[in-house]
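Notes follow once the structure below has been shown.
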Amino acid sequence: MIQAIVFLPLIGALIAGAITIVGAHARNPSGDEMDHGDHGHDVHASTAHDDHAHDDHSHDDHGPVEPAAWGSRAAEIITTGLLLTSAALAWITFVNVGLLHQDLRVELLPWINSGDLKIAWTLRVDTLTAVMLVVVTTVSSLVHLYSTGYMHEDPNRPRFMAYLSLFTFAMLMLVTADNLVQLFFGWEGVGLASYLLIGFWFQKPSANAAAIKAFVVNRVGDFGFALGIFALFAMVGSTDFETIFAGAPGLVGKTIHVFHWDVDALTFICLLLFMGAMGKSAQFLLHTWLPDAMEGPTPVSALIHAATMVTAGVFMVARLSPLFELAPNAQAFVMLIGGTTALFAATIGLVQTDIKRVIAYSTCSQLGYMFVAMGAGAYSVGIFHLFTHAFFKALLFLGAGSVIHAMHHEQDMRNMGGLWRKIPFTYAVMIVGTLALTGFPLTAGYFSKDAIIESAYASHATFAYYGFLTTVIAAGLTSFYSWRLIFKTFHGTPHDEHHYEAAHESPLVMLIPLAVLAIGSFAAGLPFKQLFTGEHGVEEFFREALKMNPHILEGMEQIPHWVSLAPFVMMVIGFIVAYMFYIAKPYLPVELAEQHQGLYRFLLNKWYFDELYDFLFVRPAKWLGRFLWKKGDGFLIDGFGPDGVSARVLDVARNVKLMQTGYLYHYAFAMLIGVAGLITWFMFSTGVQQ
């Protein structure tokens with residue numbers, strides 16, 4: 001069964017990829033330059049999907065602008081069918097492993113055997129993996145189904161479906177890994193697939209730039225992750241999880257010599273590994289790729305930024321909990337970064353105008369919450385929020401896609417308003433997603449988000465109080481920007497009459513995934529609360545999959561009542577302020593922005609991190625590259641190397657050529673000079689011998 005769950009998406013990706021190749025060949029059998037049909041979509045993509053190109057769509061027809069690629073419908077049906085099958089099997093596995101305690105380890109084949117490095121390709125299925133399998137396959141299958149409607153006017157659908165399925169396979173390889181190298185394979189696989197998906201509309205310069213940015217920023221984190229794997233192998237002699245966990249207690253107190261310093265081995269290794277998580281999960285300092293990744297199609301945003309790729313870092317820290325539990329300083333750093341990210345991203349979300357970017361910063365903030373739980377040692381609580389967040393954040397992203405679809409690819413909330421009358425179902429499910437995100441009682445987010453705040457308060461980590469304060473404040477900010485999105489998009493007066501009149505509800509194939517996710521936004525909470533946060537439920541449910549702080553759940557039961565009420569109070573305050581700003585007195589935010597222009601611009605420009613990184617890293621790198629190109633390569637190497645040698649040969653040849661005049665008396669004179677020189681040499685050499 002586990003083999004089917006993992007490899008069905010790969011089979012779907014291969015079939016869709018084959019359809020893409022055959023379709024491209026059918027359109028262009030000569031194999032020369034692609035015909036206009038192949039480029040037509042990209043022209044369409046760079047207009048229809050650009051934020052500011054809505055004037056190009058003066059009609060209500062969402063039909064194909066260019067002819068669809070051969071086999072588009074077949075690719076959609078095959079990939080979606082295989083993913084739905086995989087999701088059904090994942091839920092069965094979840095019951096078998098989590099509730100019936102039937103853990104699995106399936107060795108597929110040997111992979112690397114080199115000296116002491118012995119790695120087998122093994123699928124590891126314990127409770128932590130089972131939870132991730134459910135999250136990944138459920139959201140991915142719904143995104144596949146949703147994409148058949150959202151992308152119906154895109155002619156390159158087989159390629160898109162192939163990328164989606166490839167991404168899902170890589171993520172499944174990551175969560176079923178039994179060793180760090182196999183995990184790294186899946187880790188890089190999702191990085192590659194996200195690059196392809198973000199840059200899917202490759203004729204848009206902004207999409208290409210966003211894809212490259214995501215890839216490069218993740219390389220920074222992945223470099224640290226790789227170093228952490230190397231260090232672990234050097235200390236333990238294995239990358240296998242069981243061997244590492246068995247050897248971890250023996251590393252306590254040991255040091256590693258790094259740049260003339262002796263540093264604590266476990267702390268150093270955990271920090272390097274967490275560096276990888278910071279990049280993949282878009283944490284503070286390595287977060288800049290996430291909002292730009294909104295350049296990809298909306299289903300990509302839901303898949304990458306809601307439930308799968310960005311949660312890989314959280315999963316990795318939870319998987320390596322036996323290491324982090326032995327490195328309290330590294331745990332403290334995890335909480336520091338998590339709390340900072342939760343607050344930092346929430347402040348930026350307050351003023352963004354692109355509907356997808358608001359939700360993207362919300363994702364960044366919620367991932368910060370998950371890392372706060374990891375830093376507190378409440379790993380099951382962090383995984384609980386990962387589980388619930390997948391449903392309501394995918395719902396919000398796909399709901400935003402439904403809004404964009406209705407508004408002819410308009411993404412600026414300033415051009416929306418009053419849409420609840422036109423798309424009532426989308427409005428209803430977006431309300432459900434917003435309630436869950438803000439932690440309204442009885443929604444899934446209420447149980448998991450409040451548990452994280454309680455775990456931070458109950459923790460005795462170095463930055464526990466900081467983590468508690470930042471998450472409580474972020475709860476208020478989250479409520480404000482979430483309701484701001486609802487009010488600006490669905491309430492008030494329409495700002496674009498033409499698009500408002502043409503707006504209509506999405507097709508059924510897009511609404512069904514929204515309905516399922518809306519149900520999940522409630523159902524993923526209360527029924528699972530005891531399994532993830534109950535003092536006895538966690539131990540029985542996760543067993544050996546997580547190494548929990550032994551006192552954290554007990555401490556969460558004994559916190560003061562006001563701590564439990566704090567996030568609810570902040571949620572209510574955020575809602576009231578948003579209602580005042582955007583419904584009761586809509587002139588207030590404009591006046592406030594004018595009175596505090598510096599702060600407004602600071603938040604609107606995302607704390608100027610992009611500009612700072614451009615100044616510190618991008619410009620110096622470009623200058624160095626240009627210097628090495630012009631001076632090092634062009635002037636020095638080419639100038640004195642190939643170009644210099646060839647130029648001198650040409651000079652010599654040019655001068656020698658002047659001697660070849662074609663006149664007989666010139667040649668006779670040269671011969672006479674030669675004979676005279678030969679006789680002279682002969683006479684002198686003979687005289688010397690005598």
Side-chain angles (χ1 to χ4, degrees), residues 1-6 86-107 122-139 171-180 182-183 186 240-242 244-246 248 307-308 311-325 370 373-374 376-391 444 447-448 451-452 455 520 523-550 552-553 556:
M1 186 186 292
I2 182 61
Q3 293 96 320
I5 295 170
V6 173
S86 186
L89 294 174
W91 278 100
I92 296 170
T93 303
F94 177 76
V95 173
N96 289 342
V97 175
L99 304 179
L100 303 180
H101 305 173
Q102 297 174 0
D103 290 12
L104 292 169
R105 281 184 84 247
V106 181
E107 188 168 324
T122 306
L123 302 180
R124 175 196 186 99
V125 186
D126 54 14
T127 308
L128 179 59
T129 301
V131 171
M132 294 301 295
L133 288 177
V134 162
V135 168
V136 173
T137 56
T138 302
V139 174
M171 193 67 199
L172 292 172
M173 286 306 312
L174 190 158
V175 300
T176 57
D178 191 45
N179 57 72
L180 281 168
Q182 192 177 326
L183 190 147
D240 182 77
F241 288 138
E242 294 301 328
I244 290 169
F245 298 158
T308 49
T311 60
V314 180
F315 165 79
M316 186 262 284
V317 174
R319 171 61 78 210
L320 298 175
S321 55
L323 296 181
F324 281 87
E325 276 301 298
M370 296 174 206
M374 299 288 153
Y379 300 98
S380 68
V381 176
I383 294 297
F384 188 27
H385 195 52
L386 185 159
F387 180 70
T388 60
H389 175 263
F391 290 97
F447 296 104
S448 58
I452 288 176
S455 73
L526 185 59
F528 298 95
K529 180 178 186 295
Q530 198 60 29
L531 297 178
F532 285 96
T533 63
E535 194 173 342
H536 301 294
V538 169
E539 193 174 328
E540 188 180 339
F541 183 59
F542 280 100
R543 300 181 299 286
E544 299 300 316
L546 294 177
K547 175 76 172 171
M548 292 282 287
N549 178 331
I552 190 71
L553 294 176
M556 288 167 63

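- Under a 3.5 Å cut-off, the side chain of Ser321 and the backbone N or O of Lys547 do form a donor-acceptor pair.
- Within the model, atoms CD1 of Ile2 and CD1 of Ile5 stand 4.5 Å from one another, a figure rounded to the nearest 0.5 Å.
- Ring geometry for Phe241 versus Phe245: interplanar angle under 30°, hence parallel rather than tilted (30 to 60°).
- When side chains are defined from C-beta on, Thr137 does not count as touching Met171, because their heavy atoms never get closer than 4.5 Å.
- Separating the OG1 atom in Thr127 from the CG atom in Leu531 is a distance of 9.5 Å, to the nearest 0.5 Å.
- The two residues Asn179 and Asp240 come nearest to each other via the heavy atoms CB-CA, 3.8 Å.
- A distance-only check finds a donor-acceptor pair linking the side chain of Arg543 to the backbone of Phe541 [under 3.5 Å].
- Within the 4.5 Å cutoff, side-chain heavy atoms of Phe447 are placed close to those of Leu526.
- In this view, Thr533 satisfies the side-chain hydrogen bond (donor to acceptor under 3.5 Å, both in side chains) rule with no residue, not counting sequence neighbours.
- Checking side-chain atoms of Thr129 against main-chain N and O of Arg124 turns up a donor-acceptor pair under 3.5 Å.
- Counting only distance, with no hydrogens or angles, the side chain of Thr138 and the backbone of Ala87 share no donor-acceptor pair below 3.5 Å.
- From Arg319, atom CZ reaches atom CD1 of Ile244 across 11.5 Å, with rounding to the nearest 0.5 Å.
- Qualifying side-chain contact (heavy atoms from CB on, under 4.5 Å) partners for Ala444, counting only residues two or more places apart in sequence or in other chains: Thr388, Ala524.
- Contact of the Leu128 side chain with the Glu544 side chain is not registered, since no non-hydrogen atoms from C-beta on lie closer than 4.5 Å.
- Ring geometry for Phe528 versus Phe387: interplanar angle over 60°, hence perpendicular rather than tilted (30 to 60°).
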Test log, rule side chain to side chain contact (heavy atoms under 4.5 Å, CB included), inputs Glu539 and Leu546
CA-CA 9 Å; Glu539 193 174 328; Leu546 294 177; over 6 Å; no
